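For ligands, and for the atoms within them, numbers begin at 1 and follow the listed sequence. We're numbering straight along the sequence, starting at 1. Computed from a predicted structure; not experimentally measured. Computed over heavy atoms, backbone and side chain alike; hydrogens, waters and symmetry mates excluded.
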Amino acid sequence: MSTSDAVYAYSAVLMGSPIQLKLFDHNEALARDVFRLIKHQENLLTVNRTPSEVMNINLAAGQHPVQVNPRVFELIRCAKAVSLLPGSIFNFTIGPVVKCWKIGFQGNSVPPESELSACLTRCDPHDVIIDESTHSVFLAKEGMEIDLGAIAKGYIADCVQGFLRQQGVTRGLINLGGNVQTLGEPADQQGWAIGLKKPFAATDALIGVITVVNKSVVTSGVYERYFQVNDQIYHHILDAKTGYPLNNELLSVTIISDRSIDGDIYTTLLYGMGVEKGIAYLAEHADIEAIFVTRDQRVICSSQRHFNFELLDHHYQLSCFTGNNA
Ligand code: ADP
Ligand code: MG
């Protein structure tokens, strides 16, 4: 193998997640710039500490609009639009409920029902007033909090991809804690091999391998962040109608798309839809593909136009829809 074919992997922990960058040139300065870019975006978008642009909005809830940087504004506008889609489980005003559960932040007990129902009165995306002309955002009710946790990593992965392209990089991969975006294809292989994790198993246990070229691969799973009380698992994908984790037949949804922001949005949306509605939805959206993993150990691919899937764990049953039978 020539040196130009060697993969160089750089890692860091940012946004509470392991971050990995793969390049085909040894370029520490570029890796540092990428991690700096991620850190910068995290500082704009975080809701876990001040100051951040999103925290400024949340702290001014019920009081006054806050002007934000145009790209943050655009992201918030997108999150609002997705939250207002008919039947959408996605709700970016779910912040009070997320904070109440503290899942992923040492949360280990079920909050009292009265606390959750009090939170729900502050989770209406219609109450986010956005002003295009000034790039300002106003949360109309006191105590409202927006949370971009279900969209931010995808957005940042796309920022990294754009930055790498700008720097003349044609082949590479960024993995933001399970949110993968790729450029081109590796030199010595027919695409990027990305593991599909086995739910509730060792971190390196895989159900199979997804291979893509120039695509984003995002997985959202109930096993990513959760706690357990008796036999019950409480995970981090919450239902803003009930205040509780949303449970259905699914353990994870993976989206293969061009933009990672779409992957991030659609993992949540399709998790909310479940397999049957999700497959029907995807039949109308050819640019986005999904892999569903169910509690009863089925792996269901919406189609395989833009990726290849190899099943490794034969305890799972693989099925694939095509344009004809979806
Ligand atoms: P991750 O990649 O960290 O697993 P996801 O993309 O699955 O994240 O989004 C989960 C995060 O989104 C939660 O940690 C929370 O911050 C936020 N969230 C939880 N429920 C919802 C919801 N119904 N709509 C929008 N955001 C949500
Ligand atoms: Mg998401």
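- Exactly one of H26, R32, E28 qualifies for a side chain to side chain donor-acceptor pair (under 3.5 Å) with Y10. That residue is H26.
- Nearest to atom 15 (C) of ligand 1 by heavy-atom distance, out of D147, V222, T93, I89, is D147.
- Of the protein's non-hydrogen atoms, the one nearest atom 7 (O) of ligand 1 is S220 OG, 2.3 Å.
- Residue T268 places no N or O, backbone or side chain, under 3.5 Å from any N or O of ligand 1.
- With respect to F35, the side-chain contact (heavy atoms from CB on, under 4.5 Å) criterion is satisfied by exactly one of D33, I38, L37: I38.
- For ligand 1, one of its N or O atoms has an N or O atom of D264 under 3.5 Å away.
- Ranking the protein heavy atoms by distance from atom 26 (N) of ligand 1 puts A150 CB, 3.4 Å first.
- Among heteroatoms of the N, O or S kind in D264, OD1 lies nearest the Mg ion (ligand 2).
- A salt bridge links R77 to E132: at least one charged side-chain nitrogen sits closer than 4.0 Å to a carboxylate oxygen.
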Decide side-chain contact (heavy atoms from CB on, under 4.5 Å) for L164 and L21; before the verdict, give the C-alpha distance in whole Å, the side-chain angles of both, and the deciding distance to 0.1 Å.
CA-CA 11 Å; L164 289 174; L21 172 70; 4.1 Å; yes
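- Judged by distance alone, the side chains of N247 and H235 do bring a donor and an acceptor atom under 3.5 Å apart.
- Among the candidates I89, V97, D147, the single residue satisfying the side-chain contact (heavy atoms from CB on, under 4.5 Å) test with L238 is V97.
- Of the listed options N91, L269, N179, N91 places a heavy atom closest to atom 25 (C) of ligand 1.
- At least one N or O atom of K153, backbone or side chain, sits closer than 3.5 Å to an N or O atom of ligand 1.
- Which of H235, R225, K241, E224 comes nearest to atom 1 (P) of ligand 1 through a heavy atom is settled by distance: it is R225.
- Annotation: side chain of L282 is in contact with side chain of I288 (closest heavy-atom distance under 4.5 Å).
- The distance criterion of under 3.5 Å between nitrogen or oxygen atoms is met by L238 with respect to ligand 1.
- Among protein heavy atoms, the minimum distance from atom 27 (C) of ligand 1 is reached at I94 CG2, 3.7 Å.
- A salt bridge links E42 with K39: the closest approach of a Lys/Arg side-chain nitrogen to an acidic carboxylate oxygen falls below 4.0 angstrom.
- Between K99 and E115 there is no salt bridge, since none of the side-chain N atoms of the basic residue sits less than 4.0 Å from a carboxylate O of the acidic one.
- Residue F90 has no N or O atom closer than 3.5 Å to an N or O atom of ligand 1.
- With respect to atom 19 (C) of ligand 1, the closest heavy atom belonging to the protein is H236 O, 3.1 Å.
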